[in-house]
Protein chains: 2
Amino acid sequence: MSMQDTASSGVALWRLVADGIERGIADGRFAAGDKLPGEMEIAETYRVNRHTVRRALAALAERGLVRAERGSGTYVEAQKLAYPLRSRTRFSEIVGAGGREPRGQLIEATDDVATRELARELGLKTGAPLVRIEAIRLADRTPICVSTTWLSAELFPNAGAVFAATRSMTKLLEHYGVRDYRRGATRITAGIVDATDAARLDLALGRPILVVDATDHDLDGKPLMTKHSRFAAERVEFLVENG
Amino acid sequence: MSMQDTASSGVALWRLVADGIERGIADGRFAAGDKLPGEMEIAETYRVNRHTVRRALAALAERGLVRAERGSGTYVEAQKLAYPLRSRTRFSEIVGAGGREPRGQLIEATDDVATRELARELGLKTGAPLVRIEAIRLADRTPICVSTTWLSAELFPNAGAVFAATRSMTKLLEHYGVRDYRRGATRITAGIVDATDAARLDLALGRPILVVDATDHDLDGKPLMTKHSRFAAERVEFLVENG
DNA sequence: TGAAGTTGTCTATTAACATAGACAACTTCG
DNA sequence: CGAAGTTGTCTATGTTAATAGACAACTTCA
């Protein structure tokens with residue numbers, strides 16, 4: 001396959017090969033520790049020059065997914081985080097369950113006003129004052145997702161400062177007397193990471209992301225906050241346990 | 001932004017611009033019928049040459065997402081299919097609810113044997129005979145997803161032929177006396193389309209896909225079939241209605 | 001009508017992508 | 001050891017991607 005006989009997709013060939021191999025790792029065709037096929041063999045299966053395969057492998061190696069050993073072969077390194085989507089979903093619990101250290105980090109907290117869309121989600125009027133919190137969440141040192149959270153500025157004054165101190169949405173809500181909350185309807189789609197999120201997630205441009213929109217409610221069904229989260233698709237896998 | 005000052009991602013710049021605009025359409029910043037900013041303005045916001053913007057717009061136009069009008073501007077065309085993930089999910093009902101014509105098409109049906117993984121999902125023994133059905137599902141003329149379905153060859157003899165005739169999994173199960181069924185645990189992740197699926201979904205290489213793995217059970221909880229589906233992310237949006 | 005703003009088309013130049021072939025350096029295994 | 005198979009590095013060539021500038025063709029609106 002050369003660039004001129006396939007419809008130009010705007011994606012480099014080496015990138016397609018790298019994605020193919022990564023998929024193989026993701027779905028278990030290549031398990032952690034396994035040896036990948038030789039560069040020549042990969043080149044033949046993708047009908048591509050060996051140098052193109054080498055570039056693909058170099059990209060995967062740089063991301064820590066594989067490791068090349070001269071004279072021997074190239075070996076698989078990594079795994080994905082299982083992320084159950086339940087009504088009671090807590091990032092820290094999910095990550096902790098996998099034996100990893102959950103961390104949160106505030107990027108910025110700013111004042112905002114409700115668009116019609118946000119107002120509807122939060123049960124407020126259009127133009128109502130909001131706090132917008134931009135945060136990143138990690139498992140050990142690996143960024144998992146960035147999320148934008150909107151809360152009513154009247155119900156949660158100084159929410160930005162509280163989050164900066166607690167680094168946890170659950171603790172933030174506790175601070176305002178909310179003992180428990182549930183997740184409402186969740187919208188999931190996929191897309192390509194933009195430049196800003198790519199930098200925050202330490203993700204290469206053009207990588208796929210899982211986009212999750214959800215609104216959390218208290219136990220009486222009153223909306224508390226609405227979130228727009230972007231997950232590095234290569235690092236997580238959502239589990240919808242029935243529905 | 002030129003290719004040499006950003007870390008080379010293997011994704012062409014015009015493709016990043018196209019993805020950015022598409023995201024703008026997806027999340028409502030540009031609604032159907034809206035006029036996009038001028039090519040010069042887009043070029044400035046992405047810090048890119050106008051020709052690069054033109055290429056991005058040409059790609060979007062070819063996919064029918066936007067339409068350029070000389071001397072006037074470029075306008076938005078399309079929308080996404082809302083796809084609720086409930087325990088009782090029927091493709092035909094979801095598509096029909098949107099006023100579109102649901103269609104199914106058999107790609108191939110072959111005999112297969114259960115891997116350990118498949119056997120566990122279906123409650124069979126490793127090596128048990130299976131029927132593997134590869135099918136594509138469309139809304140009007142637009143391909144929405146391709147799915148690989150495995151069923152027990154003993155419980156559902158000639159399943160391939162039955163599906164080819166009925167073009168519906170629901171009708172296939174009815175044929176074997178299954179009146180109703182429910183979806184069990186569902187795993188969702190995202191990835192990049194491979195060459196085979198790209199052709200089947202009429203999707204450009206490098207586009208993101210939503211990957212859904214699920215097993216359907218009858219009302220007694222007995223596994224009926226397990227599916228591996230790949231959705232064109234740009235054409236659907238999953239709705240998880242609580243959980 | 002005329003000016004401003006829009007998309008369409010052309011030429012030209014530089015960097016990145018992909019191919020091809022050859023050989024070195026190293027590991028594994030009989 | 002020695003052969004086979006692996007990754008690492010080099011040179012070379014043609015194609016694609018992205019830049020830059022200029023101008024034509026068309027629409028909108030004062």
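This structure is a prediction, so every number in the text was calculated from the model and none was measured. Chain A is the first sequence line, chain B the second, and so forth, proteins listed ahead of strands; every chain is numbered from 1.
Across dA18(C), dA20(C), dG8(C), the shortest atom-to-atom separation from the side chain of T52(A) is found for dA18(C). Of all nucleotides listed (dA18(D), dT19(C), dT7(C)), dA18(D) comes nearest to the side chain of A12(B).
On a pure distance criterion of 3.5 Å, a polar donor-acceptor pair joins the side chain of H51(B) and the base of dG21(D).
Atom C1' of nucleotide dT6(C) and atom CD of E44(B) are separated by 14 Å, given to the nearest angstrom. The interatomic distance linking M40(B) (CE) with dG5(C) (C1') rounds to 11 Å, in whole Å. Between the CZ atom of R67(A) and the P atom of dC26(C) there is a distance of 18 Å, rounded to whole Å. In this structure, Y46(A) atom OH and dA18(C) atom P are separated by 14 Å, rounded to whole Å. For L13(A) and dA16(C), the CG to P distance is 18 Å, given to the nearest whole Å. Atom CG in L16(B) sits roughly 11 Å away from atom P in dT19(D) (whole-Å rounding). Nucleotide dC10(C) holds its P atom 11 Å from the CZ atom of R54(B), rounded to whole Å. When the P atom of dT6(C) is taken as reference, atom CG of L57(B) falls 13 Å away, rounded to whole Å.
Here E39(A) does not pair with R70(A) in a salt bridge; the nearest charged N to carboxylate O distance is not below 4.0 Å. Ion pairing between a basic and an acidic side chain is recognised when a charged N comes within 4.0 Å of a carboxylate O; D194(B) and R23(A) show such pairing. Salt-bridge formation is detected for the pair E22(B)/R207(B): a Lys NZ or Arg NE/NH1/NH2 atom is positioned less than 4.0 Å from an Asp or Glu carboxylate oxygen. E117(A) has a carboxylate O that lies under 4.0 Å from a charged side-chain N of R120(A), or vice versa, which qualifies the two as a salt bridge.
For the OP1/OP2 pair of dT7(D) and a distance below 4.0 Å, the side-chain nitrogens and oxygens of S72(A) include no atom meeting the criterion. Look at T74(A) and you won't find any side-chain N or O under 4.0 angstrom from OP1 or OP2 of dT6(D). Look at R55(B) and you won't find any side-chain N or O under 4.0 angstrom from OP1 or OP2 of dA18(D). The shortest distance between the side-chain N/O atoms of R70(B) and the OP1/OP2 oxygens of dT27(D) is not below 4.0 Å. Checking the phosphate oxygens (OP1, OP2) of dA20(D), no side-chain nitrogen or oxygen of R50(B) falls inside 4.0 Å. For the pair N49(B) and dA18(D), the criterion of a side-chain N or O lying under 4.0 Å from OP1 or OP2 is not met.
Using cut-offs of 30° and 60° for the angle between ring planes, the F238(A) and Y83(A) rings count as perpendicular.
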